[in-house]
Protein chains: 2
Amino acid sequence: MVNAAICEVDHMRIGELSARTGTPRRLLRYYEEQQLIVADRAPNGYREYDERFVDRVIQIRGLLDAGLPTRIIKQILPCLDKPRTIYFPDATPEMIATLACERDRMSDRIRCLTRNRDAIGEYLDAVLDYNRPQDA
Amino acid sequence: MVNAAICEVDHMRIGELSARTGTPRRLLRYYEEQQLIVADRAPNGYREYDERFVDRVIQIRGLLDAGLPTRIIKQILPCLDKPRTIYFPDATPEMIATLACERDRMSDRIRCLTRNRDAIGEYLDAVLDYNRPQDA
DNA sequence: TCAAACCTTCACATCTATGTGATGGTCAAC
DNA sequence: GTTGACCATCACATAGATGTGAAGGTTTGA
């Protein structure tokens, strides 16, 4: 019997999402409270996540780690959906201005980080160079 | 009289540094407390800064904005002095490992920021494209 | 001599992202 | 039916960067 009625496996509860993203459950609930993610609810009230939440959560954590507050991340996330879910007419001029501003701030951060990372790299190269000149 | 005894102008007090870096005085004192900067003191107890503090403070703010805590910034800053002020023998293996780790974390942040910034850019391009198709 | 504009230290408040624990419901296995 | 591993909400605590103001010293200029 090649019955195709396979019960969907494409969902997980908060514990699994926590394990797969290395994120404390507490924070997954916090991100939801901040409206960065919206979880479905099972009949018993448990949160239900599908596969796409894994990448989404990792992305959120990356942006938080890079210094963006949840308020800004919430505005950025809709831009990342590949098939556009945001219809352009909904984009107010203020929203567009905010996004452009944040994009520029991100460029600033990238410049700053790159410059400093490279300086650290040079320093480390110099130190390693200094520490093993045994065989000339 | 071509007297060369010009009183040095290469120093400023906290108010001027604050104005020139756009940083509240409160934070300049905080950065000093966290040992990110070390200010000279005038005889009357006032902090005295020279020109180099301007760039240094801007750099600190950039790194803070990019998500690095003061504890890490304190370790990074010595790498940035062009004529090396840190003698390599002083660099402990743990310190080197920490720096390498932070450098990698910065690379991660750069990747994350770049990806998201580009996504915002694409989104904005699409929105602008949508908003002015008047003259075909 | 007085006022304004600096500076000092100290202390307490705030915001954001987090940690941690209490209290209790759901569910599966034994 | 009880135990253990999940889940829920709520609440309180912490840490880091920052805001704000009090109380007082210094300097400059009217």
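Bear in mind that the values here come from a model prediction, so they are computed numbers and not experimental data. Proteins come first, then strands; the chains are lettered A, B, ... in the order of their sequence lines, and each starts at number 1.
Distance CD1 (B/I60) to P (D/dT18): 11 Å, rounded to an integer number of Å. Nucleotide C/dT16 holds its P atom 12 Å from the CD1 atom of A/I72, rounded to whole Å. One can place OH of A/Y49 at 14 Å from C1' of D/dC6, the figure rounded to the nearest angstrom. Atom CD in A/E33 sits about 11 Å away from atom P in C/dA17, given to the nearest Å. Residue A/E32 contributes atom CD, which lies 13 Å from atom P of D/dC7 at whole-angstrom precision. Rounded to whole angstrom, the span from the CD atom of A/E48 across to the P atom of C/dT26 amounts to 15 Å. In this structure, the OH atom of B/Y30 is 14 Å from the C1' atom of C/dT14, given to the nearest Å. Put simply, CG on A/L28 is 15 Å from P on C/dA17, counting in whole angstrom units.
No more than 12 heavy atoms of other residues, nucleotides or ligands shown are found within 6.0 angstrom of CZ on A/R71.
Between A/G15 and B/Y31, the residue anchored nearer the 5' end of DNA chain D, judged by the nucleotide with its closest heavy atom, is A/G15.
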Checking side chain to side chain contact (heavy atoms under 4.5 Å, CB included) for the pair B/M106/A/I120: CA distance, chi angles, key distance, verdict? CA-CA 10 Å; B/M106 289 166 80; A/I120 294 175; 3.7 Å; yes
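Listed pair B/R41 / C/dT9 meets the phosphate criterion, a side-chain N or O lying under 4.0 Å from OP1 or OP2. Put simply, B/R47 has a side-chain N or O that comes within less than 4.0 Å of OP1 or OP2 on C/dT8. Residue A/T70 places at least one side-chain N or O closer than 4.0 Å to OP1 or OP2 of C/dA17.
The pair A/D108-A/R105 does not count as a salt bridge, with every side-chain nitrogen at least 4.0 angstrom from each carboxylate oxygen. The pair B/E32-B/R47 counts as a salt bridge, with a side-chain nitrogen and a carboxylate oxygen less than 4.0 angstrom apart. Salt bridge present: B/D65 and A/R109 bring a charged side-chain N and a carboxylate O closer than 4.0 Å. Using a 4.0 Å cut-off between a side-chain N of Lys or Arg and a carboxylate O of Asp or Glu, B/R29 and B/E33 do not qualify as a salt bridge. Between B/R56 and B/D81 there is a salt bridge, since a side-chain N of the basic residue sits under 4.0 Å from a carboxylate O of the acidic one.
Distances were taken from every side-chain heavy atom of B/L27 (C-beta onward) to each of C/dT8, C/dT18, D/dT18; the shortest belongs to D/dT18. Side-chain proximity of B/I14 to D/dT27, D/dT9, C/dC7: nearest is C/dC7. Closest to the side chain of A/N44, from the set D/dA17, C/dC7, C/dT26, is C/dT26. Side-chain proximity of B/R61 to the nucleotides C/dC27, C/dT18, D/dT18 is greatest for D/dT18. Considering only side-chain atoms of B/Y46, the nucleotide from D/dG19, D/dG25, D/dA11 that sits closest is D/dG25.
Each ring pair (Phe, Tyr, Trp, His ring centres under 6.0 Å) pair with one or both residues in residues 51-84 of chain B, not counting sequence neighbours, appears once here: B/Y49-B/F53.
Between its two ends, the helix from C/dT1-D/dA30 to C/dC30-D/dG1 turns its axis by 10°, counting five pairs per end and rounding to 10 degrees.
Counting non-hydrogen atoms under 4.0 angstrom, B/R13 reaches the backbone sugars and phosphates but no base. Residue-level contact check: A/R71 touches neither bases nor backbone, having no heavy atom under 4.0 Å from any strand.
Contact annotation: side chain of B/R29 to base of C/dT9, donor-acceptor pair absent below 3.5 Å. With hydrogens and angles left out, the side chain of A/R26 and the base of C/dT20 share a donor-acceptor pair within 3.5 Å.
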